[in-house]
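Here's the structure we're looking at; comments come further down.
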Amino acid sequence: MNSITAAFKPSVGEAPKQQGTIPSLKLSDGNEIPLLGYGLGTIYFKKNASSGFDEATVSHALAAIEAGYTHLDGAEAYANESELGAAISRSPVPRSSLFITTKTSVSPKDPSISAALDRSLAALGIDHVDLYLLHHPFFAAADPSLLASKWAEMEALRDSGRARSIGVSNFLREHLEPILAVARHPPVINQIEYHPYLQHEDGGEDLVRWCQGKGVAVAGYSVLTPLTSSRDGPVDEVYARLAKKYGVGESEVGLRWALDQGVVVITTGRNEERLKGYLDRVPAFKLTPREVEEISEAGRRRRYRGYWKQRIQEGDWR
Ligand SMILES: NC(=O)C1=CN([C@@H]2O[C@H](COP(=O)(O)OP(=O)(O)OC[C@H]3O[C@@H](n4cnc5c(N)ncnc54)[C@H](O)[C@@H]3O)[C@@H](O)[C@H]2O)C=CC1
Ligand SMILES: O=CCc1c[nH]c2ccccc12
């Protein structure tokens with residue numbers, strides 16, 4: 001067992017973890033990231049037409065923080081960084097106990113990553129983010145040399161202290177290699193869609209293990225896809241059996257499948273009971289390597305991608 005999976009297993013012979021406390025993973029730059037995060041990308045509400053500010057989003061983010069989620073995942077593209085900022089400032093949890101991620105979509109219209117981070121910090125009402133990510137590699141589709149040059153801009157943000165850690169999202173090996181070849185501060189994490197129906201093993205290549213082997217941690221989003229947008233599939237029987245065995249919900253089995261591979265999980269939701277249940281139950285059990293593989297094996301019988309399909313079809317990616 002590696003130090004990552006050890007960190008999220010039930011403690012044996014250690015002081016019991018405080019209920020609702022989420023263990024962390026040490027990143028390659030020495031900073032720590034809580035293994036379970038709450039995302040603001042997929043809780044949509046209509047913005048109030050007059051103020052352009054959505055109180056319902058603030059309430060849900062605040063409820064997540066109050067439940068014990070200290071890792072919050074945002075992005076400039078989600079257009080709700082002000083709402084996340086309001087939740088941060090209204091919450092009783094000190095800023096120093098929170099881990100705030102946001103992301104930039106590098107666009108030809110707005111090429112300065114430093115200016116993008118300043119906009120995000122202003123909207124969030126904070127002076128640094130814990131993790132700043134390049135949201136996707138599409139900006140470099142026509143000119144791959146942009147991967148290294150934009151990464152140098154990210155490194156300057158880390159040097160400035162405005163981003164404590166820097167990483168990428170939706171990157172494949174072909175996008176990471178040119179960066180790893182020249183980086184002073186290599187990306188600490190790659191946040192990707194990861195679930196049993198999208199295991200990134202194309203052509204015998206295992207992107208998750210490849211990243212981890214290079215010191216780039218993996219964070220998974222849409223981990224619960226078999227229970228949400230791609231239901232009635234081949235993993236259902238295994239989820240149901242393991243949920244019964246461990247006395248937990250199927251969502252919790254799905255989350256553990258990723259965590260037990262050392263993958264940080266970004267989930268979300270508006271159902272407070274379900275979210276609190278994750279904090280209570282997910283750290284309290286662990287799948288065996290055989291059970292993880294059983295889910296993976298069943299998942300390989302279906303292929304499904306929820307995000308970024310259109311950009312891939314347009315040839316920005318594969
Ligand atoms: N970097 C990127 O390109 C992307 C990042 N993300 C980040 O990840 C976060 C989470 O993404 P999701 O796909 O929403 O994650 P997810 O796969 O964890 O799904 C969360 C949803 O599943 C529902 N759910 C949980 N258990 C269920 C069950 N048993 N039956 C039915 N529904 C159930 C929850 O209510 C919630 O709405 C986003 O908010 C965003 O922050 C998401 C997409 C792309
Ligand atoms: O981050 C990925 C998915 C997502 C959710 N909401 C938005 C808004 C704009 C771009 C991407 C996304």
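Just so you know, ligand 1 is whichever comes first in the structure, and atom 1 is the first atom listed for that ligand. Atoms considered below: every heavy atom in the structure, side chains included; atoms not considered: hydrogens, waters and symmetry mates.
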Below 4.0 angstrom from a heavy atom of Thr228, which ligand 1 atoms are there? Numbered from 1 as shown, please. 22 (O), 23 (C), 24 (N), 32 (N), 33 (C)
Is there at least one pair of N or O atoms, one from Asp73 and one from ligand 1, spaced under 3.5 Å apart? yes
With atoms numbered from 1 as shown, which atoms in ligand 1 lie under 4.0 angstrom from a non-hydrogen atom of Trp308? 3 (O)
Answer yes or no: does an N/O atom from Tyr307 fall short of 3.5 Å to an N/O atom of ligand 1? no
Step through it carefully: locate the ring centre of Tyr307, locate the ring centre of His136, and say whether they are under 6.0 Å apart. no
Please report whether ligand 1 has a polar contact with Leu224, defined as an N or O pair separated by less than 3.5 Å (distance criterion only). yes
Would you say His135 contacts ligand 2, with heavy atoms under 4.0 Å as the rule? yes
Using distance alone, determine whether Arg270 and ligand 1 share an N or O pair under 3.5 Å. no
Ring centroids only, cut at 6.0 angstrom: are Trp257 and Tyr239 within range, meaning strictly under it? no
Tell me whether Tyr278 reaches ligand 1 (any heavy atom closer than 4.0 angstrom to a ligand atom). yes
Contact with ligand 1 for His135, non-hydrogen, under 4.0 angstrom: yes
Asp236 with Arg231: basic N within carboxylate O range, under 4.0 Å: no
Note: Ser222, heavy atoms under 4.0 Å from ligand 1, region reported as both
Are any of the heavy atoms in Arg231 under 4.0 Å away from ligand 1? yes
Quick check: does Gln191 get an N/O under 3.5 Å from an N/O on ligand 1? yes
Sub-4.0 Å heavy-atom contact, His195 with ligand 1: no
For ligand 1, is Val223 a contact, meaning one of its heavy atoms is under 4.0 Å away? yes
I'd like to know if the side chain of Gln212 and the backbone of Gln261 have a donor-acceptor N/O pair within less than 3.5 Å. yes
Region of Tyr221 engaging ligand 2 - heavy atom pairs below 4.0 Å: neither
Which bit of Arg274 gets closer than 4.0 Å to ligand 1, counting heavy atoms only: side chain, backbone, both or neither? side chain
Answer with yes or no whether the hydrophobic clustering places Tyr78 together with Leu84; edges join I, L, V, M, F, W, Y residues whose side-chain heavy atoms lie under 4.5 Å apart. no
Numbered atoms of ligand 1 (with element) below 4.0 Å of Leu40, judged on heavy atoms: 39 (O), 41 (O)
Hey, would you say the His135 and Trp308 ring centroids sit under 6.0 Å apart? yes
